[in-house]
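Read the structure below first, then the notes.
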Amino acid sequence: MNTLLKRLPRTIRSNQWLVYGSITLVMLACMLYASLNAMIVDIHESRLRFERESQIESATFLPQKPFADLSTFEHNHGLTIERRREVDAAVNSGLTLRVFERTTRVDIPAITAGRDVQADDEMLLGQTVATALKIPLGTKMTLLGRSFTVVGFAAVPDYMYPIRTTDDAGIILDPKAFGIAVITPAAMDSCAPKALATWHIRTVDGTTATARQALDETVGLTYWQDITTNPRYTLATVKLEGAASVSTSMPLVILLLTCLLLAAAQGRMVRMQRAQLGTLKAMGYSTWELVLQELALPALIALSGSVLGVLSSILTMRPLLNFMVSYFSVPLYVATVPWSAAIVGIVAPVFFTVPAVALVAVRLLGQAPVKLMQATALSTRPGLLERSLHLKRGSFQNRFAVRAAIRGLTRLTLLMLGAMLAGYLLLFGGAMRDSMSTLVRSAFQDTQYNYTYVLTAPKLENPWGGEALTSVPFTTTDGQLTFQVMGLPATSALFVPHDSKGQAIPIDRVIITRALAQKLNLKAGDSWTMQQSVTGQEVTLTVDAVAEMYTTAAVIMPQERLNSILGLPATSFNAVLSMSSLQIPAQDVMMMVSTAQSRAAFNSAVMPLWVTLGSVAIIAVFIALLALSIVTTLTVEEERFTISLLKVLGYRAEELNRMVLGSGIVAVATGFVLGIPLLLTSLGKLLSTTTSGISFSLPIRLSPLSILFCAVIMLATYLVSLRAARRKVLGVQMAVSLKAARE
Amino acid sequence: MLIELKKAGRRYHMGQGEFWALKDVTLSIPEGQLVTILGPSGSGKSTLLNIMGGIDRADAGTVRVAGVDLSHASEGDLTQFRRDTVGFVFQFFNLIPNLTVRENVEVTADNAKKPLPIDEVLQAVTLSSMADRFPSELSGGEQQRVSLARAVVKNPALLLADEPTGSLDFATSRDILRLLVQINETYHTTIVLVTHNAAIADMTDRLIRLRSGEVEEDRLVGRLIKAEEVTW
């Protein structure tokens, strides 16, 4: 073994905190990168295979009249069409299952556990509801008055994001309150013979324009929805794509910052050994031999950290995947760390750190041995900035601290980067919390009703009470975004939109929600054209006001005006809002939504967010602690001579801490503050991508309280690392300065 | 001649100006000679030594050691020269703190062409029993003996010692000086010794006295006293 290499284990032993801290930091960053990448790639590949194998529909429609010869129509137009009946079954007071009959050609259920249904008393249960409620296989459930045994768990492609309704607050997923179930067609015949039947069409290339026209000409259409505008599919794909951009960009930034931090720390360790390197050079070692020696430690740290990180990602990836499939109903066909993520995870730290340290070592070793041996510490010559600084005011200790800060600007930049990284993560958690709170507040502040009844057909008389309204789906002219247009009575007391100042907006004008305004880039005074989903009728409106609602993209206008646009009588309505439950005959109600259910759904949706934010905050604190400790350790090492000399001169540990390490607080504060605009900018771009094409948007909020909270955590972390550094300061021998002074 | 300097000079920049630490130094040293370089602080002693050893470069004149033109040698050639030809002993020992005594010597032996047996060298400097200790566990004298062993183990043609007794007590200093003479006699190694102490010159073959970067005196001494007789 090369004699010089024998230094390596001893260097590790004498710098344990620095080395193991760095390895842990790299490991965390690589683990985060590899596991999140694995999660995204695996979910993506599973979803694609799911769509392919389950023959996902291209659109859903309702014909006006029956097909005369369906198979000939399918053959002539190259289409696959299948009818599917569905009915909602209340299992208990809290859980509703949407029961489908099993299809065989389009939207075929994928079995994620157990087996397929074989008998009429068997059922498949949606995997999200089974996971959320921990329902095991073999459970007996009573649906529609009949007992079924759960023989398998399933996912249905057009219910990839299994939500009850596709408008308003129903878009929030609550797997504990709503799920799907699949039974045999014969069981459906006996349980719910009059269940709603929808038709599902699959085209060869996924485009639907020709098929839609052919169907309209042949059987007429009363309802049509492309899969690309169906929130039960698009919310899954868009959220997964959004998650993909967060899950690939954020850990990559963390990984790169970690590499930067590691490279800088290791570069400084190399510089601290300049006297040793000078001696070895004087003894005949070439620059390259010494550079290679100096690369051993950073390479070892980078490689061991990254390998450990990627290996541990195999363990952390699985819970992440399970978490994802508990919300997105996708069978998990693939659950491995992809080679690309493993390779990038392992190579990136080495790739970034080793050349950076090599550069430092080559530059350093470019000097003559005699120059390298001249000083054991870093350059003792004050830099230009320090020389130009004429400090005369303030105490000696403060002036000393300012000089120390200026002399250690690179070190402080390093500290600032560490603080920025940790601050970014902490603030990310705070911003998500604030944004979600605003979203939830905006969802309920305008709605005073507890029940929404959607009727099967428009009515003119309302004998049931409540407030009658007209609600019709419209799309943008390019068909990319579907949203509701609601006609409300001018005197509505149950639905009162508010503007950004919290003032109620009277319903005598055209009001659009903030979600729609953001998506279509509209403001008061703008005009735009929209298209009625079913009839294709184009309507041009001018925005009079914008209501602060983020949960739904919608237009609110006087009921009479909407009815007039639709060609309906002025008093026509198709939905009813009510404070209390209404006695509307079942045949007249297409759907009933309880606001309490929506609130529960919101709370349920927010819960996992809290868990995620908590985990992110813990990782952030840990990263901050490591980064700050690495830098403070380096500072103490580099300032050993000064610390020792000041000790000889009688300075106490507290004073030394403040003089040598005190300026770090400025770097930490600067890094934290710089993290705020960085976060808001990146989050803005991220969320606009994530929610494009779906009917709600996320407001970006970061409250002063959250900033304060994160700042306190950051400060506490810094103080903890200072406390640890204090022990190192106390450990510096006074003899160091006496020995060094003779040189 | 092992060492030949012709009008050698070394210039340093100080703030806006510059000054010559060494100027127009012309001298030659034959193989096997034990030479003392004497002079007050700032006279250019260490600079001259560094230039002879190829760890610093002359800005003027020529420096030729063991047939190598150090003034015009490439970095690679200088490295090879230091590896094969020259051994250093520094005032503050410059040992590698996380290598043992034996390993500190091995570091040089590793890249030498024909190293002497390490055990023999450690025996010569009476450090055999401390071979597995780390520098921090040794006294100053012991550390300097390790430094000496490290320089000698490669059996260099030239051994350069910069104030080798500068940080040692009298007894230990005499011990080190005795070892230097012993090395010179045993291996026929040319030794150039930089010191403040004029008495040391009396135990060597030749005295070169520098003042303000110039050779003030260059004369043969003829080893008037033994190392043990050097006083401070």
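So that the names make sense, note that chain A is the first sequence line, chain B the second, and so on, each numbered from 1.
When atom types are taken as modelled, the side chain of B:Lys154 and the backbone of A:Met283 share a donor-acceptor pair closer than 3.5 angstrom. Remark: side-chain polar atoms of A:Tyr285 are not paired, donor with acceptor, to backbone N or O of B:Thr108 under 3.5 angstrom.
Minimum interatomic distance between B:Arg82 and A:Ala282 (heavy atoms only, all atoms of both residues): CD-O, 3.3 Å. Between B:Asp110 and A:Thr3, the shortest heavy-atom contact is OD2-OG1, 2.6 Å. Closest approach of A:Arg10 to B:Asn98, counting heavy atoms only: CD-O, 2.8 Å.
Environment of CD in B:Glu120: crowded, with over 12 heavy atoms of neighbouring residues, nucleotides or ligands closer than 6.0 Å. Atom CZ of B:Phe19 has more than 12 neighbouring heavy atoms from other residues, nucleotides or ligands inside a 6.0 Å radius.
Side-chain contact between A:Met373 and B:Ile55 is present, with heavy atoms from C-beta onward closer than 4.5 Å. Put simply, the side chain of B:Arg150 reaches to within 4.5 Å of the side chain of A:Thr279, judged on heavy atoms.
When each of B:Ile96, B:Val86, B:Asp56, B:Asp84 is scored by its heavy-atom pairs under 4.5 Å with chain A, the top score falls to B:Ile96.
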Got a list of side-chain donor-acceptor pairs under 3.5 Å for residues 289-299 of chain A, not counting sequence neighbours?
| from | atom 1 | to | atom 2 | distance (Å) |
| --- | --- | --- | --- | --- |
| A:Glu289 | OE1 | A:Ser286 | N | 2.8 |
| A:Glu289 | OE1 | A:Ser286 | OG | 3.2 |
| A:Glu289 | OE1 | B:Arg83 | NH2 | 2.3 |
| A:Glu289 | OE2 | B:Arg83 | NH2 | 3.0 |
| A:Glu294 | OE1 | A:Gln273 | NE2 | 3.4 |
| A:Glu294 | OE2 | A:Arg7 | NH2 | 3.1 |

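For B:Phe90, the ring pair (Phe, Tyr, Trp, His ring centres under 6.0 Å) criterion is met by B:Phe88, not counting sequence neighbours. Under the side-chain hydrogen bond (donor to acceptor under 3.5 Å, both in side chains) criterion, B:Ser147 pairs with B:Gln144, sequence neighbours left out.
The part of B:Glu75 that comes within reach of chain A is its side chain, from C-beta onward, which places non-hydrogen atoms under 4.5 angstrom from that chain.
Taking non-hydrogen atoms and a 4.5 Å limit, the residue list of residues 131-142 of chain B in contact with chain A, ordered by number, reads B:Phe134.
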